[in-house]
Amino acid sequence: MALAYGDHEIISDLSFELNRGDFLIVIGENGVGKTTLVRALFNQLKPRAGEITFAPGTRLGYVPQFRNLARDYPLSVRDFVALNLPLTLWPWPRRKERAAVDHILAETDLTRLADRPLGLASGGEKQRAYLAQALVVTPQLLVLDESTASLDNEVKYDLLDLVEKFRQAGVTVMFITHDWDLAQRYGTRYLHLTPGGYSTGPIADLPASPKGEE
Amino acid sequence: MFALSFMRYAFWASTFIAVVAGAVGVFVVARNLSFLTHTLSEIGFAGAAFAVFMGWSALSGMLLFTMASSVMVGQMSTEESRREAVISATSALFIGLGILFLSLSSQTASSATSILFGSVVGISRGEVFQLGGLSCVVVAALGLLYRRLKFSSFDPVGARVNGVGERGVAVIFLLIVALSVSVAAQIVGSLLIFILLTLPAASAKAFTTGVAKMMGLAILFALAGAWTGLYLGYLTNWPVSFFIAVIEVAIYLTALAYHHSQVD
Ligand SMILES: Nc1ncnc2c1ncn2[C@@H]1O[C@H](COP(=O)(O)OP(=O)(O)OP(=O)(O)O)[C@@H](O)[C@H]1O
Ligand SMILES: [Mg+2]
């Protein structure tokens, strides 16, 4: 497939495949088109050529790269997570829906924070809340776009352990990052985007650092 | 004071307005649309002037102008960065038209001030029913759209990736705002509408964390201002809008103080 904004081609001739239970690391320099690829997966950008096919009925969850919530962001963690409930015309949450949200809060270790304003949460807690929101739709494919970029190592690995837990429960993960150590540690497959090209394969074939490529 | 029929009508009218403005305001504030409400009220004024010129009721002119301009703004700008410029351009066009129609029509001065500053005395029984009907439309629309509106207002990034039809929701919401502005202008006047649409909601944000609770509180704050303002206006013969403005600002300052005491 090929992806472009207008005349500006970002990715030409990319082809890769993702199987259930994979932990795919998407890695590459700034501006190489990682977020663009995700936008295509989520139907926000139509491929210039080729196509993306999912197994029928695949639900996608996305933890976006940027979200800039202000300190006075008013919603509680629980209400923020609940935003992603089905968009029915019935305004109030049903009992089942409330139970689902509580379940996800517990799974992501947010129960204790559930009623605090999200604006006051720490960076790691915010990322967990974003993850929880994406999980509300019980996705089969979970895409995280540089979710760990601004986190300390410890918090970063906590978040990844959490993601790994969901992967072992059967969720396919696509994790976008610049972090080569992290790639080795959690990935099962990789997709390395470079200006004008790419490589893909099992994680063992990914060089230990960007320099190792040449 | 309720012995006077026009006070009863004013009471009901202000109740409808407070409920609508409080509920809609929560989304106006979340979507950073305060500037637009201010502009829409100016556009509403222009619409009312047009209506005077045509010999229609002020409300119908306001509805026409505010709704038309909402659709224009919604079509031209989903990008936040471009929105203010588009809003300014749209309002310039409509205000220009308003000034033209005002100068063309014969009965200018008094009708213009009542549109700008609102008039409690002027409200008739028929208009109360009209306001009630429009309020029901607004509340019903908010209810049906609630989940989408909530998602796209409080997490636009997440809403976009999860397929909430952005432009559709934006345009319908702008229409709801236009309807609310036209409704509210009847009593507080077009100059003060943005007070009821923004301050109660901005105040409510400081006290609670849920959208529904924010709406409830915002309605309460708007009602407090509208009812007290009406009563003080009755006692003193000063303009009701003045009291509403002062009360809402006082509530807002209290909310800010409360918020700071909580956060720091
Ligand atoms: N809406 C757009 N219109 C035109 N060009 C765009 C648009 N969005 C991104 N681009 C360009 O596409 C290229 C790839 O951007 P993308 O955001 O996919 O990079 P990325 O790999 O995610 O980078 P980063 O690591 O910094 O997040 C960049 O050169 C960017 O300038
Ligand atoms: Mg990116």
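To find a chain, count down the sequence lines: A is the first, B the second, and so on, and within it residues start at 1.
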Enquirer: Checking Tyr130(A) against chain B: side chain, backbone, both or neither under 4.5 Å from a heavy atom?
Expert: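 Nothing of Tyr130(A), per the 4.5 Å heavy-atom cut-off to chain B.
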Enquirer: Among side-chain atoms of Asp13(A) and Tyr198(A), is any donor-acceptor pair under 3.5 angstrom?
Expert: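 Per modelled atom types, Asp13(A) and Tyr198(A) side chains form no pair under 3.5 Å.
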Enquirer: Can you check whether Met67(B) reaches Ser182(B) side chain to side chain, under 4.5 Å on heavy atoms?
Expert: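 When only atoms from C-beta onward are counted, Ser182(B) and Met67(B) do not touch, as no gap falls below 4.5 Å.
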Enquirer: Determine the option with the most heavy-atom pairs under 4.5 angstrom with chain B, choosing from Asn68(A), Val137(A), Asp79(A), Leu60(A).
Expert: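 Maximum pair count with chain B is reached by Asp79(A).
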Enquirer: Which of the residues Val161(B), Asn162(B), Leu142(B), Leu145(B) is involved in the greatest number of heavy-atom pairs with chain A at under 4.5 angstrom?
Expert: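 Of the options given, most contacts go to Val161(B).
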Enquirer: Using a cut-off of under 4.5 Å on heavy-atom pairs, state which of Asp115(A), Asn84(A), Asp72(A) scores highest against chain B.
Expert: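 Looking at each option in turn, the highest pair count goes to Asn84(A).
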Enquirer: Among Gln133(A), Arg116(A), Arg78(A), which residue has the highest count of heavy-atom pairs closer than 4.5 Å to chain B?
Expert: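 Max contact count across the listed options: Gln133(A).
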Enquirer: Would you verify whether the NZ or CZ of Arg185(A) falls within 45 degrees of the ring axis of Tyr157(A) while also being under 6.0 Å from that six-membered ring's centre?
Expert: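 Geometry flag: set, cation within 6.0 Å and 45°.
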Enquirer: Asp145(A) versus Pro64(A): any side-chain heavy-atom pair under 4.5 Å?
Expert: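 No, their side chains stay 4.5 Å or more apart.
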Enquirer: Counting the benzene-type ring for Trp, do Phe80(A) and Phe154(B) have ring centres under 6.0 Å apart?
Expert: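 No; Phe154(B) has its ring centre 6.0 Å or more from that of Phe80(A).
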